[in-house]
Amino acid sequence: MEHDIDTDIDTGARERGARRDEAVAAAVEQGLLGPGAPLVGLLDVTGIRESAAELRAAFEAVAAPGTPVLHAFAVKATPLVPVLRLLWEEGVGAEVASPGELALARAAGVPSTATVLDSPAKTPAELREALALGVAVNADNPQELDRLDALMRTASSGSPLGIRVNPQVGGGSIEALSTATATSKFGVALRDEGARQWVVRAYLERPWLTRLHAHTGSQGIPLTLMAHGVAETYALAEEINARVGRRQIDTLDIGGGLPVNFASDAATPTYAEYARLLAETVPGLFDGRYGLVTEFGRSLLAKHGTVVARVEYAKSAGGRPVAVTHAGVQVATRTVYAPGAWPLRIAAYDAKGRPKEGPAVVQDVAGPACFAGDLLAREQALPLLEQGDHAAALDTGAYYFAHHYAYNSLARPGIYGFAPEGEKGVAFAVVREPQTLAEIVAESGGAHAEALTTLRASGRG
Ligand SMILES: *Cc1c(COP(=O)(O)O)cnc(C)c1O
């Protein structure tokens, strides 16, 4: 059995790598990538569909038949309307955390019944809109619950409402992504003095609070710690329902946070592994008494995105080869600023986009931005990149090229989805057009060129 699972993982990795290789070559051949368009983001539509199907299957395998399960994709991971539409077609809704993300989900056609609003800083206007739309809301703190109270007094809403708690089970290897530390800014810190009693009372006093939410993410958190966070949340729901004397909390939102393997093509850990661990750790979660919401982001998309950049120049400094490419801090912000926490694998392709052969040479892969640390990879062993070749940053489908950072006014690259077509062919679809120079000027105050020179201090006496 274990052997079969490993074989599946290997096969998936091989097929994903083969699809990527074909797409890079086709992108060069079809002119999406070349001297005039030296940077693109590519999305593997087949892979995205497969991951969505694996997610659904993993929870179906452990949940009692008929258990309502909403998988809500954390939009922040890949905030692109066509991606949200594709996921919705695959039965995956949206977890949103800002007015912008809510607008993207709506533009993609994700219904409000499949949308969850979680942000930590919701304004009264945002809360009012969410309730008017019927979007599920998890209140982050007592002050937000006050605002919900006021809204619920004046209007009825179909929105399922809950409270987000922080089980404070501890952090992982990446401090900035650990949401369940003692001092995390998210949710009601459950182990603080009086907090648990406050939460229980909040439910006792509000029959319309029917959900409980925790997200013990994210990258860098061991699975056992994530499961521990879910177990604490489940225990609290059981305590609340016992106190109320009825099944007031009918749905548990267990968040996302499944880590991604950035070290190889293997998509591990798997959703199936996590779902089985949850079933072992918190058996009651799946016995049909609770509906479930999940909020996975990175694990659904990371493996299916690739940044491909042309090597503009190949040089050498202090004896080390440096490939100067068009992908740097603007598309790989986390990697450039925190290379220890976010290393990326680079694949070398030749000028025609074919996998580059040759002995591995330790080299740096640099970006186009004007500061020394703008490196996509340091001392990586790859076939020597030469002028006109291509460097591909792998596993960048989440939190990378969809998160443009406008350093040096570098343009947002075009993003294209791809799928196999016919014998060895590849079809592309535009997901996002490349940003034009006119757009950069317009977004940088181009319409207000005179604004500052005409603003003069006038006599204040
Ligand atoms: C970021 C976030 C997620 C998604 O985390 P991933 O690590 O991308 O799976 C889910 N829920 C909430 C509340 C988040 O903030």
Side-chain angles (χ1 to χ4, degrees), residues 48 51-52 54-55 58-59 70-80 83-84 87 92-98 100-102 104-105 114-122 126 130 135-141 144 162-167 171-181 184-189 211-223 225-227 229-230 233 251-262 267-271 273-275 278 292-305 334 341-342 395-400 402-403:
I48 296 170
S51 285
E54 282 164 19
L55 171 59
F59 280 77
L70 169 65
H71 297 294
F73 174 63
V75 170
K76 76 169 181 282
T78 311
L80 296 166
V83 168
L84 305 182
L87 287 171
V92 175
E95 185 265 353
V96 300
S98 71
E101 288 181 359
L102 177 57
L104 297 185
T115 304
V116 179
L117 176 66
D118 273 344
S119 74
K122 308 174 196 82
E126 282 173 64
V135 164
V137 177
N138 291 309
D140 181 84
N141 58 66
E144 189 175 324
I163 294 179
R164 177 173 184 171
V165 295
N166 168 11
S173 62
I174 305 176
E175 170 74 27
L177 269 76
S178 295
T179 53
T181 58
S184 160
K185 74 173 180 185
F186 296 108
V188 177
R211 291 191 172 184
L212 187 64
H213 173 225
H215 165 64
T216 311
S218 187
Q219 184 72 16
I221 301 280
L223 288 196
L225 190 63
M226 288 172 56
V230 174
T233 311
T251 301
L252 293 174
D253 181 338
I254 64 170
L258 191 74
V260 164
N261 165 22
F262 285 96
T268 52
T270 61
Y271 289 122
E273 217 176 302
Y274 182 46
L278 284 175
L292 297 170
V293 177
T294 74
E295 304 171 343
F296 296 101
R298 181 177 289 105
S299 53
L300 268 167
L301 258 293
K303 288 275 166 203
H304 309 307
R334 280 183 169 158
W342 298 103
D395 308 326
T396 48
Y399 302 101
Y400 279 95
H403 292 63

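Indexing begins at 1, ligand by ligand and atom by atom, following the structure's order.
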Residues at least two apart in sequence or cross-chain that pass side chain to side chain contact (heavy atoms under 4.5 Å, CB included) with I221, listed by chain then number, are S178, L225, M226
**OP:** If the plane angle is over 60° it's perpendicular, under 30° parallel, otherwise tilted; pick one for F296 and F59.
**Re:** tilted
Heavy-atom distance under 4.5 Å between the side chains of L300 and Y271, does that happen here?
yes
Quiz item: Is Y399 close to Q219 at the side-chain level, that is, under 4.5 Å between some pair of heavy atoms?
Solution: no
Note to self: Distance alone, cut at 3.5 Å: any donor-acceptor contact between the side chains of H213 and E295?
What the structure shows: yes
Per the under 4.0 Å non-hydrogen criterion, ligand 1 touches A74, K76, E95, D118, R164, H215, S218, G256, G257, E295, F296, G297, R298, Y399
Validation row: V293, H71 side chains within 4.5 angstrom (heavy atoms): no
